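Below: one structure, written as structure tokens.
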Number of protein chains: 2
Amino acid sequence: MYNSNGVRRLGNKRKVPLTVIKRLPRYYRYLSELFKNDIGRISSKELSQRMGVTASQIRQDLNFFGGFGQQGYGYNVEYLYNEIGAILGLNKTRKMIIVGAGNLGQALANYKNFRKRGFELAGIFDVREDLIDKEVNGLKIQDFKSLEGFIKENPVDIGILSVPHDQTPSVAEKLVSCGIKALWNFSPMDLKLRQGIVIENVHLSDSLMTLAYKLNRLESDDINC
Amino acid sequence: MYNSNGVRRLGNKRKVPLTVIKRLPRYYRYLSELFKNDIGRISSKELSQRMGVTASQIRQDLNFFGGFGQQGYGYNVEYLYNEIGAILGLNKTRKMIIVGAGNLGQALANYKNFRKRGFELAGIFDVREDLIDKEVNGLKIQDFKSLEGFIKENPVDIGILSVPHDQTPSVAEKLVSCGIKALWNFSPMDLKLRQGIVIENVHLSDSLMTLAYKLNRLESDDINC
DNA sequence: TAGATTGTTAATCGATTAACAATC
DNA sequence: TAGATTGTTAATCGATTAACAATC
């Protein structure tokens, strides 16, 4: 089903652009803060000022998913917070495993916020003998060899890849062959995604390089201007 | 100085959009791979196929910074690699400190790739008594109280914030008051940036929520289509 | 030279902002 | 009711893609 611009529609709705989706977690964070501070309602204008975006953009973004506000009133904070959570799928629990129990893997395993949002760590795996059986946040690191068996016994939604660079493709392949459909990739390498697999790449070094660029420009502006 | 579209120009050049800048590290990674594999030259077409973007976009992006190619030949891999590195500022060493030596802070401290790109870790700080004096990647974790004195003795370019959520604003303020102009922020909170300070936020939970959204949509597409 | 491929301008596409009728 | 603020359409802006003359 296509609209007049040739854009695919899902059911009755336009396909939501990725730019919009990436803003949802940010709205969610701000609404969470408002809710914590017992603020019951908010207008797009007020929220736009807090967030440093336009009110138009907020209303446009939300209306991809439905009309959550009320003319003359604005938005009910708790309601909108829950709705965005539901859109993001935070109302259903997602089981995760970590592959690669080095520093980063262990740091992620200890991250408390995930569980709060409905993400549950089910297992941690590594190939390194000295790490196997070590306990991290209440879970014993398991031998990577037992991964396949584990996934057969325990359904897993999300695979977290915190393995060294050169092992990323093969580990990703393994996870996908075990039926995992979502990969959260921390290696500085883009994973080729096949149909039916979703991926989020977290390229820390890209972010640091971007920061270096900004700093450079800042310094040269100081000199020139 | 402004061009016909009213866009500010820097010297003779248009201001480079952030979207373009964020793509530079990715070009840099791909060129690094090509260089490692002894590939001496590449055309925008060939590179576009490897990266899954259009050749037009590559040529447009590069031409914000200058003409690095040659008609009929393409781009010299080593030259372009070095040029992009220079644009990103990777040819000058940047001193960094980490504030917050929890799991994430320690993971970052152990990250080997940073040094390779010219980022040098100069210090790690925390308030926790049990962490102070612990050695991480050859550096002793220092008392947060000694931060100010340390920065006076040792010039620092980049401050890495891996402290708990609620301490982020005050620590950021402290770093800025000590003269640090670039912050790499890992807390799930946007830092308000004042004039003359540059920030990169790494919101891990935002990325995970985006992944959850994609997974949801994937599953509902499976059912509907 | 002929073929290849850039740098750059023009055309298209998509995303953001503005405006306002609808309505709480 | 009058004022406020949404949902939505229209206008603008910016980013991407296409096209091609320049030239190696």
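Basis for what follows: all heavy atoms, side chains included, without hydrogens, waters or symmetry-related copies. Every value quoted in this text rests on a predicted model; they were computed, and no experiment measured them. Below, read A as the first sequence line, B as the second, and so on, with proteins coming before strands; counting in each chain starts at 1.
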Exercise for the section: Tell whether B:Ser56 reaches the base of D:dA18 with its side chain through a donor-acceptor pair below 3.5 angstrom. Expected result: yes
Exercise for the section: Determine whether any donor atom in the side chain of A:Gln60 lies under 3.5 Å from an acceptor atom in the base of D:dT8, or the reverse, and answer yes or no. Expected result: no
Does [N] have OP1 or OP2 under 4.0 Å away from a side-chain N or O of [X]?
X	N	value
B:Tyr75	C:dA4	no
A:Arg41	D:dT6	no
A:Arg59	C:dA19	no
B:Ser44	C:dT6	yes
B:Tyr73	C:dG7	no
B:Thr54	D:dT16	no

Completion exercise
Assert: residue with more 5' nearest nucleotide on DNA chain C, out of A:Val53 and A:Gln70, is A:Val53
Fill in the blank from the handout: When rounded to the nearest 0.5 Å, the distance separating CG of B:Leu108 from CH2 of B:Trp184 is 6.0 Å
Handout entry: Between A:Asn185 and A:His203: side-chain donor-acceptor atoms closer than 3.5 Å
Key = no
When the distance from [atom1] of [X] to [atom2] of [N] is rounded to whole Å, what number comes out?
X	N	atom1	atom2	result
A:Leu47	D:dT5	CG	P	13 Å
A:Gln57	D:dT9	CD	P	18 Å
A:Ile21	C:dA15	CD1	C1'	14 Å
A:Asp61	C:dT16	CG	C1'	10 Å
A:Phe64	C:dG14	CZ	P	12 Å
B:Lys22	D:dT16	NZ	P	14 Å
B:Ile58	C:dT8	CD1	C1'	16 Å

Exercise for the section: Please step through side chain to side chain contact (heavy atoms under 4.5 Å, CB included) for the pair A:Leu90 and A:Phe119, ending with a clear verdict. Expected result: CA-CA 8 Å; A:Leu90 307 181; A:Phe119 299 96; 3.9 Å; yes
Practice task
Hunt down the Watson-Crick or G-U wobble partner of C:dT17, both distances under 3.5 Å, from any strand shown, or write none.
Solution key: D:dA10
Exercise for the section: Please give the nucleotide sitting opposite C:dC24 as a Watson-Crick or G-U wobble pair, both distances under 3.5 Å, or none. Expected result: D:dG3
Handout entry: A:Arg26 (side chain) donor-acceptor with A:Met51 (main chain) under 3.5 angstrom
Key = yes
Handout entry: Aromatic ring pairing B:Phe114/B:Tyr111, orientation class (parallel under 30°, perpendicular over 60°, tilted between)
Key = tilted
